[in-house]
**Student:** 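Have a look at this one before I ask anything.
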Amino acid sequence: MLDIRLIRDTPDLVKERLATRSGDYASVVDEVLSIDTARRVAETERQKLQGDRNRISKEIGIAKKNGQDTSAIEAEVRGINERIEQIGRDADSADTRQRELLLGLPNLPHEACPVGHSAEENPEVRVWGKKPTFEFEPKDHTVLGQQLGMLDFEAGAKITGSAFVVYRGQGARLERTLINFLLDLHTTVHGYHEISPPLLVKPECLVGTGQLPKFGDQVYHSPEDNLYLIPTAEVPVTNLHRDEILKLDQLPINYAAYTPCFRREAGSAGLGTRGLIRMHQFDKVELVKITTPETSMAELESLTANAEKVLQLLGLHYRVIELCTGDIGFGSTKTYDIEVWAPGQGTYLEVSSCSTFGDYQARRMNLRYKDENGKNKVPHTLNGSGTALARLFVALVETYQQSDGSILIPEALRGHFGAEKIA
RNA sequence: GGUGAGAUGGCUGAGUGGUCGAAAGCAUAUCUUUGCUAAAGAUACGUAGCCUUACCGCUACCGAGGGUUCGAAUCCCUCUCUCACCGCCA
């Protein structure tokens, strides 16, 4: 959520920055401004009337004690109360409307975020490793997975539906190995605090991180309980501190969490994805940080480096791109995507998206911290995948496939996995 | 699911209709004093909004939402959560 004071004081700047995104928000900003003015007029009037009522009511108390007749002033207060109710309705509806509008406004792209219209204009930041070469035609992970009995898409469709998969045997073992490997790396080497959160959350949590109210159709919902299946661990983990005032010495907070993620992917059916690449349910290890505003940009770099380390240790070729203003997510102010090379696909696959949200999420979830002067300030939140599992599985299997159809297990995983290859 | 108890400021904990945003203690910060570690005293110390250059001031908030009343932390209703016991269960 944008700071209303920022919009009030510098509306043109806000519009200008929002204009670099896809989507037109200028009229929303204008509506926020006019609502804000109306709201404050009504609010001031209401508070004045409430003050009158409080004062007179006290007088009544005193007069009654002295045995005086108070029926006349009681009637006066009744009149004030009617006006409070009227003006209060205006103030409340303006307040509600203003909040609705603010929740529908995306974050301002950071000055450091490259300006551009679409994904084609995302600059490449760096490349690690080289595309592996094969003396045979590399196979797709769906072929390899089914040959080796690791992936059963028919079973997934049978018990749940399309875009669900059953991992079996060595496939299930590899998935479990990767989860342990990632969590161990981030908690032990990178120093993150491990979290294992609930997978169902209240709507407030999704408002806090930005999925609601605008993107409710992408999330699974249980109406009887009014609970949502998490689309990413970002939601429960960041909301751990919703409505809290953190102490300065608690920052930065670094959390790592493994969870399954559930996404309806409404509107993206038949986008030409094969196999594991776009599923309704997938596993992910997520990294979340809460930092002071001063350090968030540096923390974004280290967060991205922590995610990259995964691919380096697994020996997987990847590139890092920076999202331009036309392509960054709704709540993000700056984002790096990490894309791993998948030989069987002949493309790069996004396995991590590392973003800083500035104070945007913290405002939405009413998260604050006390600075060194004891003043409440709004911290910054960041998160990035470290990494998504299904696509990592794809890249791993396709990169390490052998001519005989077996899969070599990279050195870093052998201890966890307990074998050198899958055959 | 059932029964009972509870929900007040960072914590403990008073407060059952009027000057209560809320006693007291603890914790914290600053200052003063006593020649160290320590102790005593003074002051400050919730969140948000409105109005303000600022100070001041005003308003709201005692789990949440409604209601009664001139006036509610206090009375009534609904809900949520916590704890205990019972039932059920991985």
Side-chain angles (χ1 to χ4, degrees), chain A residues 1-10 32-103 196-208 222-228 236 239-251 253 259-260 290 359 361-379:
Chain A
M1 191 156 69
L2 299 179
D3 185 356
I4 181 61
R5 267 165 261 177
L6 183 71
I7 299 176
R8 201 143 71 199
D9 297 343
T10 56
V32 168
L33 285 168
S34 68
I35 286 281
D36 182 52
T37 306
R39 191 194 106 248
R40 286 189 295 157
V41 168
E43 191 57 43
T44 305
E45 177 65 10
R46 163 156 69 178
Q47 292 186 358
K48 186 187 155 294
L49 290 169
Q50 284 172 329
D52 291 345
R53 177 182 64 189
N54 289 348
R55 196 166 27 76
I56 298 172
S57 289
K58 272 181 193 170
E59 287 170 15
I60 293 174
I62 293 163
K64 282 208 163 166
K65 227 168 241 170
N66 298 337
Q68 295 164 353
D69 175 54
T70 55
S71 50
I73 33 180
E74 281 183 32
E76 187 189 344
V77 176
R78 267 188 281 264
I80 292 173
N81 277 337
E82 273 173 41
R83 286 205 287 151
I84 289 176
E85 200 167 320
Q86 279 172 17
I87 199 91
R89 268 195 293 271
D90 295 344
D92 288 342
S93 69
D95 193 67
T96 303
R97 179 66 185 148
Q98 179 173 318
R99 184 169 167 79
E100 264 172 30
L101 290 169
L102 286 174
L103 287 177
S196 180
L199 308 180
L200 287 162
V201 293
K202 297 177 181 182
E204 301 91 282
C205 294
L206 289 154
V207 172
S222 167
E224 295 86 347
D225 308 290
N226 201 17
L227 291 173
Y228 293 81
N239 276 282
L240 243 24
H241 298 288
R242 179 161 50 87
D243 286 321
E244 287 185 8
I245 301 176
L246 301 168
K247 296 197 176 77
L248 188 59
D249 61 17
Q250 288 179 269
L251 302 178
I253 290 173
T259 69
I290 302 174
D359 60 13
Q361 290 184 327
R363 265 182 217 291
R364 290 173 79 107
M365 66 178 74
N366 193 29
L367 167 63
R368 290 152 298 166
Y369 75 99
K370 283 215 186 288
D371 72 5
E372 52 280 350
N373 300 317
K375 282 199 64 171
N376 291 335
K377 293 182 50 176
V378 185

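Chain letters run A, B, ... following the sequence lines, proteins first, then strands; residues in each count from 1. Only this structure's heavy atoms are used, side chains among them; waters, hydrogens and symmetry mates stay out.
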**Student:** D95(A) CG to G49(B) P: how many Å, rounded?
**Tutor:**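 After rounding, the reported distance stands at 11 Å.
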**Student:** U74(B) pairs with which nucleotide, Watson-Crick or G-U wobble, both distances below 3.5 Å?
**Tutor:**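 Pairing partner: none.
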**Student:** Between D92(A) and R89(A), is there a salt bridge with N-O shorter than 4.0 Å?
**Tutor:**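 No, R89(A) and D92(A) are not salt-bridged.
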**Student:** Consider the side chain of R40(A), meaning its heavy atoms from C-beta on, and name the nucleotide among C70(B), C50(B), A48(B) that approaches it most closely.
**Tutor:**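 Among C70(B), C50(B), A48(B), the one nearest the side chain of R40(A) is C50(B).
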**Student:** Distance between the C1' atoms of G87(B) and A72(B), in whole angstroms?
**Tutor:**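 Approximately 39 Å lies between the C1' atom of G87(B) and that of A72(B).
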**Student:** Does the structure show a Watson-Crick or G-U wobble partner for A22(B), both distances under 3.5 Å? Name it, or say none.
**Tutor:**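 With both distances under 3.5 Å required, A22(B) matches none.
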**Student:** Starting at the 5' end of RNA chain B and moving along, which residue's nearest nucleotide shows up first, R368(A) or E74(A)?
**Tutor:**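 In this pair, the answer is R368(A).
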**Student:** Please state whether the phosphate of C50(B), meaning OP1 or OP2, lies under 4.0 angstrom from any side-chain nitrogen or oxygen of R46(A).
**Tutor:**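 Result: no.
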**Student:** Which one, U47(B), G49(B), G71(B), comes nearest to the side chain of E43(A)?
**Tutor:**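 Side chain of E43(A) sits closest to G49(B).
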**Student:** Among U59(B), C50(B), G71(B), find the nucleotide with the atom closest to the side chain of Q50(A).
**Tutor:**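 The closest nucleotide is U59(B).
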**Student:** Expressed in whole Å, how much space separates the P atoms belonging to C75(B) and G15(B)?
**Tutor:**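 About 12 Å, rounded to a whole number of Å.
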**Student:** Hey, is the side chain of N81(A) poking within less than 4.0 Å of OP1 or OP2 on C70(B), counting only N and O atoms?
**Tutor:**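 It does not, given that no N or O in the side chain of N81(A) lies less than 4.0 Å from OP1 or OP2 of C70(B).
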**Student:** Taking only the side-chain nitrogens and oxygens of R8(A), find out if one of them lies under 4.0 Å from OP1 or OP2 of C50(B).
**Tutor:**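 Answer is yes, contact under 4.0 Å.
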**Student:** Inspect the contact between D359(A) and R363(A) and indicate whether a charged nitrogen and a carboxylate oxygen are less than 4.0 angstrom apart.
**Tutor:**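 Here R363(A) pairs with D359(A) in a salt bridge, since their nearest N and O are under 4.0 Å apart.
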**Student:** Return the value, rounded to whole Å, for the distance between atom CG of D243(A) and atom P of A64(B).
**Tutor:**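 Value for this atom pair: 12 Å.
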**Student:** Taking the nucleotide of RNA chain B with the nearest heavy atom to each, does G61(A) or N376(A) sit closer to the 5' end?
**Tutor:**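 It is G61(A) whose nearest nucleotide is closer to the 5' end.
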**Student:** Have a look at R363(A) and say if it touches a base, only the backbone sugar-phosphate, or nothing, with a 4.0 Å heavy-atom cut-off.
**Tutor:**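 Result for R363(A) = nothing.
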**Student:** Ignoring hydrogens and geometry, is there a side-chain-to-backbone donor-acceptor pair from N239(A) to C205(A) under 3.5 Å?
**Tutor:**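 Such a contact is found between N239(A) side chain and C205(A) backbone.
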**Student:** Looking at R364(A) and V207(A), would you say the former's side chain and the latter's main chain have a donor-acceptor pair under 3.5 Å?
**Tutor:**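 Yes; judged by distance alone, with no hydrogens or angles, the pair exists.
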**Student:** For I245(A), which contact category applies under a 4.0 Å heavy-atom criterion: base, sugar-phosphate, or nothing?
**Tutor:**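 The answer is sugar-phosphate, as I245(A) gets under 4.0 Å only of primed atoms, P, OP1 or OP2.
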**Student:** Round to a whole Å and report the spacing from CG of D225(A) to C1' of C79(B).
**Tutor:**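 Rounding to the nearest Å, CG of D225(A) and C1' of C79(B) are 16 Å apart.
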**Student:** In whole angstrom, what separates D52(A)'s CG from G57(B)'s C1'?
**Tutor:**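 Distance, rounded to whole Å: 14 Å.
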**Student:** Quick check: does any side chain N or O of D3(A) sit under 3.5 Å from a backbone N or O of R5(A), one acting as donor and the other as acceptor?
**Tutor:**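 A pair under 3.5 Å: yes.
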**Student:** In whole angstrom, give me the gap between the P atoms of A84(B) and U74(B).
**Tutor:**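 It works out to 28 Å between them.
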**Student:** Taking pairing as Watson-Crick or G-U wobble with both contacts under 3.5 Å, can you name the mate of A54(B), or confirm there isn't one?
**Tutor:**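 Checking every strand shown, A54(B) finds no partner, since no pair has both distances under 3.5 Å.
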**Student:** Nearest to the side chain of R5(A), which nucleotide is it out of C50(B), G49(B), A60(B)?
**Tutor:**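 The answer is G49(B), which lies nearest to the side chain.
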**Student:** Among R39(A), R46(A), R40(A), whose salt bridge (Lys or Arg N to Asp or Glu O under 4.0 Å) with D95(A) holds?
**Tutor:**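 Considering R39(A), R46(A), R40(A), a salt bridge (Lys or Arg N to Asp or Glu O under 4.0 Å) with D95(A) is found only for R39(A).
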**Student:** Identify the nucleotide, in any strand shown, that forms a Watson-Crick or G-U wobble pair with U28(B), with both distances under 3.5 Å; if there is none, say none.
**Tutor:**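 Answer to the pairing question: A44(B), which forms a Watson-Crick or G-U pair with U28(B).
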**Student:** Output the single nucleotide from U19(B), G18(B), U59(B) whose closest atom is nearest the side chain of Q47(A).
**Tutor:**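 For the Q47(A) side chain, the nearest candidate turns out to be U59(B).
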**Student:** Checking all strands, does K64(A) fall into the base, sugar-phosphate, or nothing category for heavy-atom contacts under 4.0 angstrom?
**Tutor:**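 Touches a base.
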**Student:** Report yes if a side-chain nitrogen or oxygen of N366(A) is closer than 4.0 Å to either non-bridging phosphate oxygen (OP1 or OP2) of U47(B); otherwise report no.
**Tutor:**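 For U47(B), neither OP1 nor OP2 has a side-chain N or O of N366(A) closer than 4.0 Å.
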**Student:** Are N54(A) and G71(B) close enough that a side-chain N or O sits under 4.0 Å from OP1 or OP2?
**Tutor:**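 Indeed not, no polar side-chain atom of N54(A) lies that close.
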**Student:** Now, which nucleotide makes the Watson-Crick or G-U wobble pair with U37(B), with each of the two distances under 3.5 Å?
**Tutor:**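 None - no nucleotide pairs with U37(B), as no candidate has both distances under 3.5 Å.
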**Student:** Can you identify which nucleotide, out of U59(B), C50(B), G18(B), has its nearest atom closest to the R39(A) side chain?
**Tutor:**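 Looking only at heavy atoms from C-beta outward on R39(A), the closest nucleotide is C50(B).
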**Student:** Using the C1' atom in both, what is the distance from U78(B) to A24(B), to the nearest Å?
**Tutor:**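 After rounding to an integer number of Å, I get 35 Å for this pair.
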**Student:** Report the distance from atom CG of L49(A) to atom CD1 of I87(A), rounding to the nearest 0.5 Å.
**Tutor:**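 Spacing of CG (L49(A)) from CD1 (I87(A)) equals 7.0 Å.
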**Student:** Distance check needed: A64(B) P versus E204(A) CD, whole Å only.
**Tutor:**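 After rounding, the reported distance stands at 14 Å.
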**Student:** Write down the distance separating the C1' atoms in C70(B) and G17(B), rounded off to the nearest Å.
**Tutor:**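 To the nearest whole Å, 12 Å.
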**Student:** Round to a whole Å and report the spacing from CD1 of I80(A) to C1' of G71(B).
**Tutor:**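 My rounded result for the distance is 12 Å.
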**Student:** Does C58(B) have its OP1 or OP2 closer than 4.0 Å to a side-chain nitrogen or oxygen of R55(A)?
**Tutor:**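 No.
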**Student:** Using the C1' atom as the point on both nucleotides, what is the distance between A5(B) and G63(B), in whole Å?
**Tutor:**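 Rounded to whole Å, the distance is 16 Å.
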**Student:** Under a 3.5 Å cut-off for both distances, is C85(B) Watson-Crick or wobble paired, and to whom?
**Tutor:**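 For C85(B), the partner nucleotide comes out as G2(B), under the 3.5 Å rule.
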**Student:** Quick one: label K370(A) by what it contacts on the DNA or RNA (base, sugar-phosphate, nothing), any heavy atom closer than 4.0 Å.
**Tutor:**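 Sugar-phosphate contact only - K370(A) comes under 4.0 Å of backbone atoms but never of a base.
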**Student:** Kindly compute the distance separating CD1 (I56(A)) from CD (E74(A)), expressed to the nearest 0.5 Å.
**Tutor:**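 If I round to the nearest 0.5 Å, the distance is 11.5 Å.
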**Student:** Under a plain distance cut-off of 3.5 Å, with no hydrogens placed, do Q86(A) and E82(A) share a side-chain donor-acceptor pair?
**Tutor:**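 Looking only at side-chain atoms, Q86(A) and E82(A) do not form any donor-acceptor pair under 3.5 Å.
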**Student:** Using atom P in both nucleotides, what's the gap between G1(B) and G13(B) to the nearest angstrom?
**Tutor:**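 It comes out at 30 Å once rounded to the nearest Å.
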**Student:** Quick one: look up who A7(B) pairs with, Watson-Crick or G-U, both distances under 3.5 Å, and put none if it's unpaired.
**Tutor:**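 With both distances under 3.5 Å, A7(B) matches U80(B).
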**Student:** Could you give the CZ-to-P distance, from R78(A) to G71(B), as a whole number of Å?
**Tutor:**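 In whole Å, G71(B) P lies 8 Å from R78(A) CZ.
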**Student:** Once you round it to whole Å, what is the distance between P of C79(B) and NZ of K202(A)?
**Tutor:**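 It is 17 Å, rounded to the nearest whole Å.
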**Student:** Measuring only the C1' atom in each nucleotide, how far is A48(B) from G21(B)? A whole number of Å is fine.
**Tutor:**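 After rounding to an integer number of Å, I get 13 Å for this pair.
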**Student:** Which base sits across from U69(B) as a Watson-Crick or G-U pair, both distances under 3.5 Å?
**Tutor:**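 U69(B) is paired with nothing.
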